[in-house]
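A, B, ... follow the sequence lines: proteins, then strands. Residue 1 opens every chain.
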Amino acid sequence: MSRLAPQSGRSTLVCIAWQAGQDPGGFSEFIDAYMRDRFSAGLAERVTLASSELLDNAIRYGSLSREIVYSLDMDDRHIIVSVTNATVRPRLEMLSEQVRRLQTSPERVYLEEFERSVQRSGRRSMLGLARICHEAEMHLELNIQDALVTVTAHHRR
Amino acid sequence: MSTLKTISAPRVDGVDFTITGPAQLEVSGTITLQDPGLALGPFFRALHDAAVTDGLREVLVDVRKLTFVNSSAIRLFVDWVTWTRALGAGAYVLRFRTDRRITWQRTSFAVLRSLGGEVVAIEAE
């Protein structure tokens, strides 16, 4: 892992990059402890959930060609979790569609995804993004530049 | 003789499972493994099979100290509910004791309750 320089214009609390495909074991626990030391349990829960799910998606579905970059930022009004990784076109299209649906109706999509997970075979629930929007009450945004995608979850403080 | 009490809990970083009685399980910690189904799925299945073998009418699962799970771990609970529902008339009740202050428990178990019908009960404290 390597520490990156903070972005300008907002306060960066944590910014870490690591090799795609490498399991960041214990990272969610680190973020949870970091947040609970400084903020309310409720805010810690939100940030831990978003961090865990966004990283999990990046590791699981991202391309190995570029490193994964995680950052936790804060400004006067928002707390922001973002993860950047390289990915492939079909995944980008699927991701864009899912985020668009979640921006419109997070609770309905959460319930639909939960229901689908009961019928879906395999060990994945596919609930990650829906949990960020519905459980953590965070807003998702996508930023796509070439094959790099940044998924941002933010919550108004 | 309780079959359920003889099941060995898996050793997985971050989470502890304690079988506290012939029909009671306590889970504490966090589940953040990338593929919890691999490490924990067989344990959950063994609990289900034991509940059936023991002819239990209800299994109490205390998750109040399970502070965080990733979405892959939610699948463990979804599967358990699905197996129980599949028993039909002979199904036992899965009673989850939850902490209403923990957001993931409040939201996830409410949906599990609605999907599970009569085989899922929630005790929110």
So, taking the atom named [atom1] in [X] and the one named [atom2] in [Y], what distance separates them when rounded to the nearest 0.5 Å?
X: B:Trp104; Y: A:Leu49; atom1: CH2; atom2: CG; result: 10.5 Å
X: B:Thr67; Y: A:Arg36; atom1: OG1; atom2: CZ; result: 6.0 Å
X: A:Ser117; Y: B:Leu112; atom1: OG; atom2: CG; result: 8.0 Å
X: B:Asp35; Y: A:Asp56; atom1: CG; atom2: CG; result: 9.5 Å
X: B:Thr32; Y: A:Ile31; atom1: OG1; atom2: CD1; result: 12.5 Å
X: A:Ser52; Y: B:Phe68; atom1: OG; atom2: CZ; result: 3.5 Å

Side chain, backbone, both or neither: which part of [X] has a heavy atom under 4.5 Å from chain A?
X: B:Val69; result: both
X: B:Leu33; result: neither
X: B:Arg106; result: neither
X: B:Thr103; result: both

How close do [X] and [Y] get, heavy atom to heavy atom, and via which atoms?
X: A:Arg60; Y: B:Ser72; answer: NH2-OG, 3.8 Å
X: B:Arg101; Y: A:Glu45; answer: O-OE2, 3.6 Å
X: B:Ile74; Y: A:Phe114; answer: CG2-CZ, 3.8 Å
X: B:Ser71; Y: A:Gly128; answer: OG-N, 3.6 Å

Answer yes if [X] and [Y] sit in the same cluster of Ile, Leu, Val, Met, Phe, Trp and Tyr residues linked by side chain heavy atoms under 4.5 Å apart, and no otherwise.
X: A:Ile80; Y: A:Met138; value: no
X: A:Leu148; Y: A:Val81; value: no
X: B:Val12; Y: B:Val61; value: yes
X: A:Tyr70; Y: A:Ile59; value: yes
X: A:Ile144; Y: A:Val88; value: no

Quick one: side chains of residues 114-125 of chain B, donor-acceptor pairs under 3.5 Å with protein atoms, not counting sequence neighbours, listed by atom name and distance.
{"from": "B:Ser114", "atom 1": "OG", "to": "B:Val111", "atom 2": "O", "distance (Å)": "2.9"}
{"from": "B:Glu123", "atom 1": "OE1", "to": "B:Arg97", "atom 2": "NE", "distance (Å)": "2.8"}
{"from": "B:Glu123", "atom 1": "OE1", "to": "B:Arg97", "atom 2": "NH2", "distance (Å)": "3.2"}
{"from": "B:Glu125", "atom 1": "OE1", "to": "B:Arg64", "atom 2": "NH1", "distance (Å)": "2.6"}

Within a radius of less than 6.0 Å around CD of A:Gln145, do more than 12 heavy atoms belonging to other residues, nucleotides or ligands occur? no
Atom CG of B:Asp13 with >12 non-hydrogen neighbours under 6.0 angstrom: no
Engaged part of A:Glu135 at the chain B interface, taking heavy atoms whose separation is under 4.5 Å: both
Looking at B:Ser108, is its backbone amide N or carbonyl O close enough to the side chain of A:Arg131 to form a donor-acceptor pair, meaning the two atoms are under 3.5 Å apart? no
